[in-house]
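Shown next, in structure tokens, is the structure this report addresses.
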Amino acid sequence: MSTTVSSAAEPVLSLRGVSKTFGAQRALDSLDLDIHQGEIHAVVGQNGCGKSTLVKLLGGYHTPDPGSETAVKGELFDLGSASAANAAGLRFVHQDLGLIDELSVAENFFMMADQAWVSRISKADEWSRAGRALEEFGYEIDPRALVGSLTAAQRTAVAIVRALSGEDRPALLVLDEPTASLAGPDAQLLFDALRRLTAAGGSVLFISHHLDEVMGLADTITVVRDGRKVTTVMSRDLSHDRLVELMLGRALTPRSESDSSAMPGTSDVVPRLSVRGVSIGGLRALDLDVRPGEVLGVAGLTGSGREDLAGAVAGQTRHSGEVTIDGKAIRPGDPAASLASGLGYAPAERRRDALLSTATLRENLTIADLRSVSRARRLSRRLERKETQKWMEALDVRPPMQERAIDQFSGGNQQKVVLGRLLRTRPRVLVLDEPTQGVDVGAKATIHDLVVGAAAAGAAVLVCSSDVEELVQVSTRVLVLRRKSPSTELIGTDVTVERIEEEQLRPTEVRPTNDAGRDSDPQG
Amino acid sequence: MTDLKSAASVLSPRRASVLYLLALITLVFAITIPDLFLSEITFQSIARSQAVVGILALAALLPFVAGEFDISLGTNLALSVILVAWLSNAYPGLGIMVICLIAVLVCTLVGFFNGILVGKLGINSFIATLGTSQILAAIALKISNNEQVLATLPQAFTEVGRGRFLGVPNSLFVTLALGLLLWYVLQWTKVGRHLYASGFNREAARLSGVRTERVVIGTFVAAGAIAGLAGVVFIAQVGTFSNSIGMPFLFPAYAAIFLGATQFNMRPNVWGTLLAIFTLALGVQGLQLSSSGSGFWITPLFNGAALVAAVMFTRQQSKRRAKVVDEVPSAPAVSPQPDPSDDHEAAGVRADTVGR
């Protein structure tokens with residue numbers, strides 16, 4: 001019996017000296033972490049601090065560097081195997097939830113359950129078991145409903161309850177950004193469920209960068225910065241500002257209240273790009289204006305709506321709302337029309353959405369405007385080569401080989417070509433999403449010069465980026481998104497790395513809430 | 001200098017392997033069975049029979065370049081044949097030109113239907129056209145009553161269909177003229193570039209202003225029209241419909257496209273496709289003449305083996321290319337360029353050689 005007593009005092013999960021190196025980069029640096037029974041433990045940090053690496057190590061997607069030690073309830077176990085993690089009692093709910101929309105709630109519940117291959121499935125039994133499990137956590141969701149017909153909050157609930165509803169009681173529930181897609185009251189419902197879980201002796205590891213939630217929910221907070229643990233503190237001993245300081249690793253700059261969350265003062269220059277009431281998955285009724293010669297940077301943490309903004313404005317995706325260029329509305333969901341109206345768009349997913357793979361650099365560069373390299377409606381190889389040569393020099397493409405397949409160039413050169421493709425069309429509006437993701441330092445500088453140059457030549461430029469330094473370098477104004485809406489606009493001397501990072505992490509209560517509008521997901 | 005280099009490289013074994021295969025086949029059979037193989041009859045019959053396969057392959061090439069399959073082309077050809085045969089018997093007053101026009105028009109409409117299924121409704125092209133092909137087969141069977149249908153054709157029409165000019169069957173001129181037209185469109189026009197772009201990466205093409213939906217529908221419409229033309233050429237040669245025609249043309253057509261895509265500019269192209277068709281046919285013919293019994297089983301065997309070999313070859317090439325890409329680090333602070341000397345020769349002249 002003495003063993004059971006000691007194991008209760010033992011941490012549920014204990015990590016010692018866990019490191020993970022990718023190439024030359026150390027994502028996690030000898031991290032120590034203890035999570036006790038009945039505790040909600042939050043791990044916070046900026047984008048790229050190592051939070052997701054930690055989750056992936058626990059889940060078995062990555063193998064840690066040698067020399068680390070992990071124990072669950074005092075028993076050692078090896079990180080790096082998904083089945084070992086599962087056997088040790090770790091359960092995961094990732095941001096994408098891992099649900100299948102076309103199946104019912106009950107089917108989603110039991111699709112992962114261990115069953116004999118040919119065992120007969122009783123639907124009534126599945127329905128009642130799934131329904132009971134959901135009820136236990138205070139959710140009233142019909143187990144027969146298709147997951148695709150549920151609201152975002154209900155889907156999250158299904159994923160969490162499913163993770164907890166195994167044969168044996170899980171030791172630890174790991175939630176990776178569970179509220180990225182939830183609005184206020186829905187998140188509250190989730191938190192109630194989690195508190196009920198810990199009251200019953202469960203433990204939760206909670207990864208988030210919504211600090212107001214973290215402060216309200218977690219008992220213990222571990223701050224991670226640049227792959228190292230900064231500290232572990234009780235959340236009641238901590239103020240919001242102090243937490244931000246710990247995450248950023250420096251003191252907060254005094255906030256000048258005058259301009260924060262004030263919308264832009266109307267300038268005498270007429271906006272070239274106007275966005276009104278654009279709503280789509282991650283965005284709620286977005287308004288913004290960009291004037292000619294201006295670079296508007298858009299900042300925001302993952303889940304803030306930043307990822308969806310560029311595609312919606314550029315018309316890659318359909319949305320409700322209006323986008324106008326010089327007063328002329330462009331049709332959403334019709335990139336050819338947008339391009340014809342003078343809007344050039346470089347998507348974030350270069351390989352998936354921008355590169356004509358296996359085609360040559362020349363073909364990739366000229367595709368958006370072939371008329372200027374044609375003579376009498378016939379493509380002129382001579383003109384096309386000359387044009388490509390000119391642009392390779394302007395873009396500083398290395399090696400300058402226009403007949404080489406685009407796939408054989410480095411990411412930076414590929415991105416330069418994508419940018420060149422747009423600049424060739426002489427765009428009046430340029431929309432760039434993560435313009436330097438996966439790009440080396442040299443190419444990054446070239447790309448920034450091109451962006452600033454395009455604005456100087458009179459284009460209105462919109463840059464969405466998770467790279468705060470980049471935004472500071474190129475932007476005349478920066479819009480910070482939080483919770484699917486613009487929350488703050490920074491102008492002039494306020495456009496600094498420090499200010500943007502702080503604004504991204506500001507608690508949402510400051511902003512007047514307009515949660516009356518439902519989540520964009522359709523309700524079943 | 002560079003032109004000379006590119007001209008030489010286009011004929012290099014790596015980029016024109018089928019040309020060497022053709023030479024090898026000719027050489028082997030010229031030695032083993034010189035009397036049978038090196039006869040005019042051999043070459044006449046190949047040219048005649050492959051002209052229709054060639055036209056059908058060119059039809060299939062257009063959707064293929066844009067990244068889609070059209071499995072219905074074989075039965076669409078059969079539909080064209082039965083329409084001409086039936087109309088020539090039932091409505092001889094229409095005149096053969098009108099009858100042919102109707103046949104081609106109907107086939108074009110079938111192509112448009114396929115285009116809507118794939119381009120507009122987003123159905124997987126393989127599945128959509130597989131379904132269409134069976135519907136077309138049913139229509140052909142219904143009209144023909146599952147019997148051979150002898151067409152009543154004007155003598156002048158069959159004379160053109162079976163005739164020769166300068167020793168070459170007239171039907172082959174149709175194939176070559178069509179090849180020339182498609183080559184021009186694919187290689188020298190904006191439309192052609194948009195087709196290839198849609199095939200390389202549909203979404204990237206769309207975001208670059210290519211109206212990909214229209215492009216896809218257009219390729220199916222053109223493919224349907226060309227399949228109709230192939231049917232007209234076929235009945236001008238043969239004069240009858242039988243329920244076994246159509247589908248058997250499809251396989252050699254696609255085998256030739258795949259094999260042809262490993263040639264010259266290393267992507268689906270007109271001349272690679274046509275070269276592959278005649279090379280495969282020559283190989284089949286040689287083997288059939290060599291075998292003592294009736295070598296009826298040789299055609300599918302040779303075509304199938306050639307297709308597998310071609311696809312393996314392509315796979316090997318893309319693997320080699322992928323290896324080069326892997327060596328390019330994606331996001332390190334210092335990004336050393338891959339040593340270009342390795343594939344400079346091949347990649348550097350890639351599309352220079354196209355369309356010379």
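Proteins come first, then strands; the chains are lettered A, B, ... in the order of their sequence lines, and each starts at number 1. These values consider heavy atoms only, across backbone and side chains, with no hydrogens, waters or symmetry-generated copies. Please read these numbers as outputs of a predicted model, since none were measured by experiment.
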Between [X] and [Y], a side-chain donor and acceptor under 3.5 Å:
X: A:Y345; Y: A:Q316; answer: yes
X: A:Q415; Y: A:T436; answer: no
X: A:D65; Y: A:T21; answer: yes

Of the backbone (N, CA, C, O) and the side chain (C-beta and beyond), which part of [X] lies under 4.5 Å from a heavy atom of chain B, both, or neither?
X: A:S374; result: neither
X: A:L339; result: side chain
X: A:L355; result: backbone
X: A:T366; result: side chain

[X] bridged to [Y] by N-O distance under 4.0 Å:
X: A:R424; Y: A:E387; result: yes
X: A:R426; Y: A:D369; result: no
X: A:E434; Y: A:R306; result: yes

Exercise. Against chain A, label B:Y184 side chain, backbone, both or neither, depending on which of its atoms sit under 4.5 Å from a heavy atom there.
Key: side chain
Quiz prompt | Winner by heavy-atom pair count (cut-off under 4.5 Å) against chain A, out of B:A197, B:G209, B:S208, B:A205 | solution = B:S208
Exercise. May I ask you to name which of B:T212, B:V210, B:N201 has the most heavy-atom pairs under 4.5 Å with chain A?
Key: B:N201
Quiz item: Taking A:E384, A:R377, A:Q414 one by one, which has the highest count of heavy-atom pairs under 4.5 Å against chain B?
Solution: A:E384
